[in-house]
J.: 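This is the structure I have questions about; it appears just below.
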Amino acid sequence: MHPAFSVILLTTLIGAAQGLFLALFTAQSYAAFKLLPQPDAHAFYGQGSLLALVLLVAGLGASFFHLGHPERAWRSAAMWRTSWLSREVIVLPAFMGVVFLYGLAHWLNWHPVLTTLPGELPVDPTAILGVAGTLFAFALFICTAMIYACLKFLSEWHSPLTVINYILLGGASGFTLAAAFASVTAPELVSFLAGWAAIITLLGWIGRSASLYRNARLKPKSSLQTAIGIKHPRIVQKTQGFMGGSFNTREFFHGQPVAVLRAVKWFFVLAVFPLPLLLLLSGMQGRTGLLVAAFAVQYAGLLAERWFFFAQANHPQNLYYQSIA
Amino acid sequence: MCPPAQVVTYLMQSIKTPSPSIQEVKNTTCYMCACRCGIRVHLRDGVVRYIDGNPDHPLNKGVICAKGSSGIMKQYSPARLLKPLKRKAGAERGAGDFEEISWDEAFATLAERLGKIRATDPKKFALFTGRDQMQALTGMFARQFGTPNYAAHGGFCSVNMAAGMIYTIGGSFWEFGGPDLDRAKLFVMIGTAEDHHSNPLKIALSKFKRDGGRFISINPVRTGYSAIADEWVPIRPGTDGALLLAIIHEIIATGLYDRDFLVKYSNAGQLINVSETNDEFGFFVRTEVPTEEACYEPQDKLWWDRNTDHAVVTHTAGADPYLLGEFKLQDGTPVKPAFQLLQERVKDYTPEWASQITGIPVEVIRQLAHEMGVTARDQKIELPIAWTDSWGNEHDTVTGNPVAFHAMRGLAAHSNGFQTIRALAILMSLLGTIDRPGGFRHKAPFPRPIPPCARTPNDPRAVQPNHPLDGMVLGWPSDPDDLFVNDDGSPVRLDKAFSWEYPLSVHGLMHNAITNAWRGDPYRIDTLLIFMANMSWNSTMNTAEVRQMLNDKDTEGPNAGEFKIPFLVVCDAFHSEMTAFADLILPDTTYLERHDVMSMLDRPISEFDGPVDSVRIPVVPVSGDCKPFQEVLIEIGTRLKLPAFVTKEGVRKFRDYPDFIINYETEPGSGIGFLAGWRGKGGEKFLRGEPNPNQWEMYAKNNCVFHYELPKSYQYMRNWNKGYLEWSQRNRITRYAEPILIHIYSEVLQRFRSAAQGKGLTRKPPEHLKKRIDTYFDPLPFYYDSLEAQVTDKHKYPLAAVTQRPMAMYHSWDSQNAWLRQIHTHNYLYVNTRTALQQGIADGDWIWVESQWGKVRCMARHSEAVEPGTVWTWNAIGKAAGAWNLTPDANESQKGFLLNHLISEELPGANGRISNSDPITGQAAWYDVRVRIYKVGAGETAVGVQNTSPQFEPMKPYPGMKTRSSILAFLGVKAK
Amino acid sequence: MTQLALVIDLNVCVGCQACVTSCKEWNTAGSAGPMVDQNPYGADPTGTFFNRVQTFEVGEFPNTETVHFPKSCLHCEDPPCVPVCPTGASYKRKEDGIVLVDYDKCIGCKYCSWACPYGARELDEQQQVMKKCTLCVDRIYDTSMTEDDRKPSCVKACPTSARLFGDIHDPQSAVSIAIRESGGYPLMPEWGTHPANHYLPRRKTRIKIHEDELERADNPLKVDRQLPRPAMNEPTLDDVTTW
Ligand SMILES: Nc1nc2c(c(=O)[nH]1)N[C@H]1C(S)=C(S)[C@@H](COP(=O)(O)OP(=O)(O)OC[C@H]3O[C@@H](n4cnc5c(=O)[nH]c(N)nc54)[C@H](O)[C@@H]3O)O[C@H]1N2
Ligand SMILES: Nc1nc2c(c(=O)[nH]1)N[C@H]1C(S)=C(S)[C@@H](COP(=O)(O)OP(=O)(O)OC[C@H]3O[C@@H](n4cnc5c(=O)[nH]c(N)nc54)[C@H](O)[C@@H]3O)O[C@H]1N2
Ligand code: SF4
Ligand code: SF4
Ligand code: SF4
Ligand code: SF4
Ligand code: SF4
Ligand SMILES: [Mo]
């Protein structure tokens with residue numbers, strides 16, 4: 001597929017935002033159980049949510065560039081029964097709303113106790129919003145990933161690994177960002193967040209490696225034989241019927257030589273996993289520079305990872321568009 | 001299936017356009033190619049929106065092709081010339097520096113210049129026209145002017161096909177006849193990619209296949225039609241003669257020929273004098289000396305009757321001739337039937353021999369012969385159609401031997417094409433398939449006598465100042481005395497047609513016109529008028545040098561500093577490569593803007609069942625300052641006071657072209673004009689009749705076509721069909737109603753050969769051409785290596801290079817067409833995968849293709865659908881940079897290439913240069929060129945400048961042309 | 001239930017591209033248009049087309065088949081392009097099974113094109129909406145046209161009538177009969193899209209000639225004494241043996 005920059009930005013930005021939110025609420029939950037010190041809610045949760053929102057808005061903004069008719073974007077909520085894209089379009093703003101309210105509640109220090117759970121756990125609106133946000137964050141991960149994973153012809157994508165990796169990679173980048181962010185706003189949480197970031201990055205590494213491993217061994221289900229319905233071991237396309245290119249040659253081909261593909265792969269494998277891990281571990285003690293670097297490297301890596309995700313997917317339609325003459 | 005109207009959705013509703021738009025449908029005839037289908041042009045507010053096939057048209061029956069459907073993009077193309085233009089004083093030819101002028105000025109310039117030429121030496125005006133459909137008018141104009149220097153595309157197109165078959169069976173493929181696929185069981189297509197009869201052939205081919213017919217294609221390349229053949233027989237280019245002769249060998253050896261047909265309808269049984277010492281050697285023995293010089297064959301030849309074992313006059317009732325054997329006439333003259341000579345001729349042409357030459361396995365050659373012979377013999381069709389033959393015998397049925405052939409330029413465009421095509425026509429005759437159901441069928445006005453009656457003058461004095469030419473500009477020589485030569489045997493015509501170099505060049509040799517004029521061999525001319533031919537590009541060989549010749553000046557002598565071809569006029573509708581070289585450009589209209597006539601006097605669109613002619617009627621107004629070339633000719637003819645265009649008093653006869661068409665008669669009162677339909681005062685007559693003032697309206701009402709369906713009994717066996725021949729005589733289609741016997745043995749050729757051998761009373765060829773005539777004018781077909789191959793080191797140049805027509809493009813016209821050019825934006829050289837790999841050439845590599853005449857750089861494509869000794873490319877996709885108002889970086893010029901650069905218009909000959917043409921007909925030998933290919937060396941293409949070679953200085957747009965847009969959303973054209 | 005479709009007969013398609021440009025012509029000037037062309041007169045011209053004709057080579061010289069292969073939207077019975085569309089712009093009509101795009105709803109997200117395994121959809125670069133073959137819905141129901149004209153533009157154009165049009169759910173329709181009797185097949189059946197359009201394969205006609213058919217009693221060579229009977233005085237078995 002042709003990697004569209006708008007979509008790469010969209011998925012990586014909102015992935016990081018979802019991860020960041022999950023990190024915030026994880027911290028809040030641990031704090032609620034007194035497993036962590038209470039940070040400065042105003043700064044950490046409030047500004048943290050704001051940061052997540054900024055990323056979400058940026059992602060959403062980027063996604064508009066993908067549309068031919070952004071002014072009609074509102075229409076895209078219509079088909080939620082069948083379309084994961086439609087569902088994403090519904091869940092994303094819902095999630096943004098929750099993040100916004102969650103941040104606002106923290107910002108305003110609005111903590112009326114609504115109820116108390118066994119074990120003396122007071123439940124305030126931030127907790128409820130946090131749980132809701134968590135659900136939405138996961139729902140959004142699933143929607144986004146399912147947009148790709150549901151396309152059965154794209155076997156590189158058509159796998160639970162796609163959903164797992166969207167969650168893990170979004171989570172990893174979000175936790176890394178949270179760690180960096182905490183180094184400024186809540187230093188007491190840094191090692192906790194960096195630790196989780198490292199763990200999720202490690203899991204992500206496993207997940208993504210699994211999908212790389214799987215994809216390298218995929219046998220395409222379609223062939224020229226099934227594409228044109230002729231049984232013969234040697235079929236070669238001589239012409240696709242036009243020479244100057246078309247939507248079919250632009251949208252479904254990355255247009256790069258294999259060497260570029262390979263380079264991008266190695267880059268992202270390094271930049272998303274071991275490098276941030278090293279930086280996270282060395283920044284555990286709260287060295288903002290290292291943690292920011294960890295996020296920056298990982299995010300850059302994720303841009304490459306997403307590019308590769310698209311580029312590697314070989315659409316069966318490409319069987320029909322191979323040669324000009 | 002058809003749901004009620006309310007299901008019509010969004011899409012349908014939006015079709016309801018705002019009310020004031022006016023929708024109209026107008027019928028006319030397509031001219032996106034020479035096939036001439038009927039089309040319906042749908043207009044909205046006067047703008048063309050949709051063109052589809054006219055279902056009521058006999059030719060295309062509603063279908064249309066890729067080009068026809070893209071007519072809109074031609075009509076509104078930015079490559080259109082919209083103003084008369086004159087080369088700026090001092091500008092070089094080819095530079096494309098023009099200024100707008102008025103038509104008045106253009107006419108004044110032309111009338112003055114041509115007037116002077118006509119008053120001094122009319123030969124100095126040469127008019128050559130390309131793939132046009134108005135040779136009846138252009139040829140008549142030339143004749144009226146008095147110049148012999150006229151020809152159309154036929155000589156560089158397929159004259160071998162016309163001549164080879166017409167000199168054998170009185171009709172031919174091309175636009176004169178074709179395969180009857182309705183009834184055929186076996187169809188053999190040889191060397192055809194697309195052909196003139198594009199849509200009808202496609203319609204027929206699919207119907208044929210669906211009816212269970214077997215389709216064999218003989219072609220070095222498998223594309224288009226060949227793709228759907230049941231069997232593809234790849235052949236080495238230029239070797240079909242060998243294949244056909246071997247098939248004839250096998251057919252005769254197994255007795256699979258139609259003896260009865262040959263006896264009655266050909267000269268197979270006629271006795272030939274085989275006494276080598278006799279002046280009459282090689283001629284038929286005649287019972288009497290013909291009394292009048294007529295262009296039919298008197299029935300004065302002999303058979304050796306089996307029943308009486310005596311010589312009798314042919315077709316004597318009750319007689320049956322031997323086809324084989326040797327006999328002695330009473331006077332002791334040894335004679336043999338023509339068929340015996342044919343059998344002797346093909347004796348050594350065994351399948352084994354042919355296999356070596358053609359690359360076709362022996363079994364396949366035998367199988368081809370057997371399939372043809374057995375199908376023809378065992379699957380006979382008997383139609384219950386009664387008819388009477390020329391000898392008065394009544395037949396209750398018409399018999400068909402359902403083996404049909406079709407062949408075109410794959411045979412024609414070789415310098416051995418004439419003899420190859422003779423072999424084909426003879427094979428078709430042996431199988432008994434001429435003008436019979438399921439075989440070959442004539443189209444009116446064919447069959448013609450062999451050869452047809454038209455003759456050029458045979459005397460240079462036919463060219464006189466201020467006089468029309470005394471004779472036809474093109475004709476059909478029947479013996480050396482018909483040649484148009486000077487007293488010393490040298491050519492009268494600029495292109496040397498009808499001279500001893502190419503005696504039967506019945507369509508002229510347009511491909512040599514520029515070179516000859518430039519060299520002054522045979523003489524210099526003053527004005528060259530080119531109409532509808534791209535002679536500085538795809539219809540010229542040796543293109544780069546020809547472009548230089550067009551711009552070449554004398555360096556010494558009285559005309560030092562003047563162009564060698566002093567005045568060059570080009571009439572074109574588009575910004576073609578040729579226009580850049582013009583001194584004067586006459587912008588023509590498009591086919592949607594003008595009246596046109598596809599006349600019985602030219603090449604009509606006749607069907608097997610009878611004559612058909614057709615017209616074009618304008619459907620949109622003329623653009624810019626364009627003017628139909630017909631109007632230009634009539635205007636100039638009138639100003640020059642050519643007799644056909646003015647009264648005796650010198651007064652203009654015709655208001656305009658439509659008026660001319662209605663009122664012109666070949667001779668006053670002849671009743672024969674350009675159109676055959678709705679003649680007579682009220683349109684009640686056809687073929688002949690007085691002018692009808694409402695003729696155009698009647699054509700318009702009838703889908704722009706006139707179709708006369710012959711009675712069934714006149715539709716077959718027309719060479720010998722008494723009823724048909726008399727009908728055609730009554731209607732002045734022919735002068736004689738005599739039977740047209742098939743020339744298995746060609747006495748016409750023998751006359752030339754005999755003259756070359758110094759026999760007889762006729763003219764004799766000049767010394768240096770004697771051997772050539774003696775060799776090639778063999779009365780029986782024979783195989784020889786092409787002339788080019790004879791002068792080529794085949795080890796150095798091991799590959800044959802050919803082109804073929806893409807179905808979606810017409811010659812060079814369609815690169816201006818925004819839709820069609822997306823299909824063929826540039827071209828590759830197709831090379832058999834193994835051949836390519838032997839040279840280390842990968843798919844898509846840049847390579848050099850080199851012949852002994854030049855080289856081009858291009859990209860290679862591997863293919864399994866090409867014979868390993870052949871490389872090929874699509875014809876005329878490559879363009880000169882900037883031409884056709886394309887951007888100079890357009891793919892056509894940067895990645896596309898023209899094979900013509902590798903082909904020479906001349907070959908080294910016995911006496912200096914000789915045209916690269918068939919020695920009999922002057923047919924341009926496009927497909928004889930031999931090449932080698934090799935990878936472009938490292939460093940030969942700097943990084944980033946991967947383009948084809950040669951490149952030319954980009955052409956500029958001319959004054960008055962529209963600017964090209966960078967985005968087209970149909971007619972809502974928006975600039976970026 | 002009706003399912004309209006094209007059946008394409010590869011046995012007679014000569015790759016002439018008539019269906020390509022007649023489709024472009026009808027649709028660009030009609031309700032589905034315009035269909036933009038970019039760089040129409042420059043380098044690498046490109047544009048929106050609903051129908052393309054491709055060429056494949058099957059096998060190795062000399063046993064090569066050249067196959068021309070037209071392809072437009074196959075109007076799948078289970079079209080994966082429809083459910084993924086977030087706006088509902090892509091839909092399949094119940095009444096005749098045609099898959100269409102409502103240009104007024106389409107946001108140009110291209111998602112449907114990703115979901116089509118056949119590459120049958122094209123985003124119009126100027127209008128920025130997804131386009132595809134409409135089965136000429138604006139012709140086939142237009143009652144202002146004659147019955148004969150109420151066919152897709154490409155079908156009418158095709159000189160070899162390689163394009164059949166009709167209802168594949170009606171077992172008596174010409175298309176159903178063709179599919180049944182001439183081995184019609186769908187493309188990429190592995191995806192369960194159930195394309196309505198079908199393709200008819202190449203079919204070969206061969207002639208079988210038996211050895212003994214070559215030379216027959218009425219061989220004309222006999223007439224001309226070329227297959228003479230042996231002379232009476234030539235030796236026979238009678239001369240050398242008795243029974
Ligand atoms: N679409 C379209 N139609 C056209 C034209 C066009 O430009 N475009 N041009 C028109 C004109 S002017 C003409 S003359 C006709 C020509 O119509 P065709 O004669 O069909 O045209 P060519 O493309 O020259 O086809 C020649 C075929 O002969 C094959 N061939 C070459 N050499 C040999 C050989 O030695 N033996 C055999 N057996 N085959 C050989 C080539 O591979 C090719 O397939 O087409 C007319 N129709
Ligand atoms: N290598 C190679 N060369 C070949 C051939 C080949 O097979 N291989 N084929 C040869 C054959 S068979 C032929 S017939 C020739 C064809 O060669 P040409 O006759 O030169 O063919 P076109 O490219 O059609 O050029 C005709 C010119 O007519 C112009 N034109 C188009 N429509 C109109 C109109 O309505 N009015 C006027 N006035 N002009 C118009 C076009 O713009 C173009 O400049 O090419 C020959 N050249
Ligand atoms: S075959 Fe030629 S005349 Fe007929 S529609 Fe096509 S371009 Fe027009
Ligand atoms: S071919 Fe593609 S666009 Fe057409 S219905 Fe099937 S999936 Fe949808
Ligand atoms: S591009 Fe248009 S039709 Fe396709 S999925 Fe998006 S909104 Fe639907
Ligand atoms: S049915 Fe209509 S829209 Fe579809 S390919 Fe044919 S002409 Fe084009
Ligand atoms: S119009 Fe018919 S023959 Fe031509 S490419 Fe299309 S389907 Fe094939
Ligand atoms: Mo031609």
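Reminder, nothing fancy here: chain letters follow the sequence lines and each chain counts from 1.
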J.: When heavy-atom pairs shorter than 4.5 Å are enumerated against chain C, which of Glu864(B), Arg306(B), Met807(B), Gln894(B) gives the highest number?
T.: Glu864(B)
J.: Please name the pair of heavy atoms, one in Ser69(B) and one in Ala18(C), separated by the smallest distance, quoted to 0.1 Å.
T.: OG-O, 4.3 Å
J.: If you tally heavy-atom pairs under 4.5 Å against chain C, which of Ser863(B), Ser893(B), Gly212(B), Pro234(B) wins?
T.: Ser863(B)
J.: Do Ser153(C) and Asp52(B) come within less than 4.5 Å of each other through their side chains, counting heavy atoms only?
T.: no
J.: If you compare all heavy atoms of Pro321(B) against all heavy atoms of Asp224(C), which two are closest, and at what distance to 0.1 Å?
T.: O-OD1, 4.4 Å
J.: Heavy-atom pairs under 4.5 Å with chain C are the metric here; pick the option from Thr833(B), Leu186(B), Val866(B), Asp320(B) that has the most.
T.: Val866(B)
J.: Using non-hydrogen atoms only, which part of Ile51(B) is less than 4.5 Å away from chain C: side chain, backbone, both, or neither?
T.: both
J.: What part of Tyr257(B) lies closer than 4.5 angstrom to a heavy atom of chain C: side chain, backbone, both or neither?
T.: both
J.: I need the Asn11(C) CG to Asp230(B) CG distance, nearest 0.5 Å.
T.: 7.5 Å
J.: What's the separation between atom CZ in Phe61(C) and atom CZ in Arg222(B), rounded to the nearest 0.5 Å?
T.: 11.0 Å
J.: Quick check on Arg214(B) against chain C: is it the side chain, the backbone, both or neither that has a heavy atom closer than 4.5 Å?
T.: both
J.: Do Asn60(B) and Pro159(C) come close enough that some side-chain heavy atom pair is under 4.5 Å?
T.: no
J.: Measure the shortest side-chain to side-chain distance between Tyr50(B) and Asn27(C) over non-hydrogen atoms and say whether it is less than 4.5 angstrom.
T.: no
J.: Nearest 0.5 Å, please: how far is CD1 in Ile823(B) from OG1 in Thr21(C)?
T.: 6.0 Å
J.: Can you say whether Ala204(B) sits under 4.5 Å from chain C via the side chain, the backbone, both, or neither, judging by heavy atoms?
T.: neither
J.: Between Ala253(B) and chain C, with a heavy-atom cut-off of 4.5 Å, which part of the residue counts as in contact: side chain, backbone, both or neither?
T.: backbone
J.: Can you tell me which of Asp37(C), Val12(C), Thr46(C) forms the most heavy-atom pairs within a distance under 4.5 Å of chain B?
T.: Asp37(C)
J.: Pick one of side chain, backbone, both or neither for Cys158(C), based on which atoms fall under 4.5 Å of a heavy atom in chain B.
T.: backbone
J.: Between Glu892(B), Arg834(B), Lys207(B), which has the largest tally of heavy atom pairs under 4.5 Å with chain C?
T.: Arg834(B)
J.: With a 4.5 angstrom heavy-atom cut-off, which part of Val233(B) approaches chain C: side chain, backbone, both or neither?
T.: neither
J.: Is Leu324(B) close to Arg225(C) at the side-chain level, that is, under 4.5 Å between some pair of heavy atoms?
T.: no
J.: Can you find a pair of side-chain heavy atoms, one from Glu213(C) and one from His370(B), that are under 4.5 Å apart?
T.: no
J.: Identify the heavy atoms of Ala969(B) and Gln126(C) that sit nearest to each other, and give their distance.
T.: CB-OE1, 3.0 Å
J.: Applying side chain to side chain donor-acceptor pair (under 3.5 Å), can you list everything that pairs with His824(B), at least two apart in sequence or on another chain?
T.: none
J.: Give the minimum heavy-atom separation between Ala865(B) and Thr66(C), together with the two atoms involved.
T.: CB-OG1, 3.5 Å
J.: So which of Gly15(C), Ser22(C), Cys16(C) has the biggest tally of heavy-atom pairs under 4.5 Å with chain B?
T.: Cys16(C)
J.: So which of Leu323(B), Asn817(B), Thr825(B) has the largest heavy-atom pair count under 4.5 angstrom toward chain C?
T.: Leu323(B)
J.: Under a 4.5 Å heavy-atom cut-off, does chain B meet the side chain of Arg206(C), its backbone, both or neither?
T.: both
J.: Considering only heavy atoms, which portion of Cys13(C) lies under 4.5 Å from any heavy atom of chain B: side chain, backbone, both, or neither?
T.: backbone
J.: Need one label for Arg40(B): side chain, backbone, both or neither, based on atoms under 4.5 Å from any heavy atom in chain C.
T.: side chain
J.: Which one, Ala162(C), Ser161(C), Pro62(C), Gly33(C), leads in non-hydrogen pairs under 4.5 Å with chain B?
T.: Ser161(C)
J.: Is the backbone of Gly30(C) close enough, under 3.5 Å, to the side chain of Arg49(B) for a donor and an acceptor to pair up by distance?
T.: no
J.: Which one wins on heavy-atom pair count under 4.5 Å against chain B: Asp44(C), Asn63(C), Val14(C), Val20(C)?
T.: Val14(C)
J.: With only heavy atoms counted, which part of Glu25(C) is less than 4.5 Å from chain B, the side chain, the backbone, both or neither?
T.: both
J.: Under 4.5 Å from any heavy atom of chain B, what part of Val223(C) do you find: side chain, backbone, both or neither?
T.: both
J.: Please flag which part of Glu194(B) lies under 4.5 Å from any non-hydrogen atom of chain C: side chain, backbone, both or neither.
T.: neither
J.: Give, as side chain, backbone, both or neither, the part of Asp124(C) having an atom under 4.5 angstrom from any heavy atom of chain B.
T.: neither
J.: Using a 4.5 angstrom heavy-atom cutoff, name the option from Arg964(B), Lys895(B), Gln343(B), Arg821(B) with the most pairs to chain C.
T.: Arg821(B)
J.: Let's test your reading of the structure: which of His169(C), Glu215(C), Lys94(C), Glu60(C) forms the most heavy-atom pairs below 4.5 Å with chain B?
T.: Glu60(C)
J.: Determine, stepwise, if the pair Lys209(B) / Asp9(C) fulfils salt bridge (Lys or Arg N to Asp or Glu O under 4.0 Å).
T.: CA-CA 11 Å; Lys209(B) 281 203 70 173; Asp9(C) 189 351; over 6 Å; no
J.: Look up atom CD1 in Ile207(C) and atom CG in Asp378(B), then write down how far apart they are to the nearest 0.5 Å.
T.: 10.5 Å
J.: Measure the OG1-NZ distance between Thr205(C) and Lys185(B) for me, rounded to the nearest 0.5 Å.
T.: 12.5 Å
J.: Check whether Trp819(B) gets within reach of chain C through its side chain, its backbone, both or neither, counting any heavy atom under 4.5 Å.
T.: both
J.: Which pairs count as ring pair (Phe, Tyr, Trp, His ring centres under 6.0 Å) when at least one residue sits in residues 28-52 of chain C, sequence neighbours excluded?
T.: none
J.: Just by distance, do the side chain of Asn219(C) and the backbone of Thr254(B) share a donor-acceptor pair under 3.5 Å?
T.: yes
J.: Go through the atoms of Leu214(C) and report whether side chain, backbone, both or neither lie under 4.5 Å from a heavy atom of chain B.
T.: both
J.: Say you draw a straight line from OG1 of Thr160(C) to CZ of Arg210(B); how long is it, rounded to the nearest 0.5 Å?
T.: 6.5 Å
J.: Do Ile228(B) and Arg202(C) touch side chain to side chain, with heavy atoms closer than 4.5 Å?
T.: yes
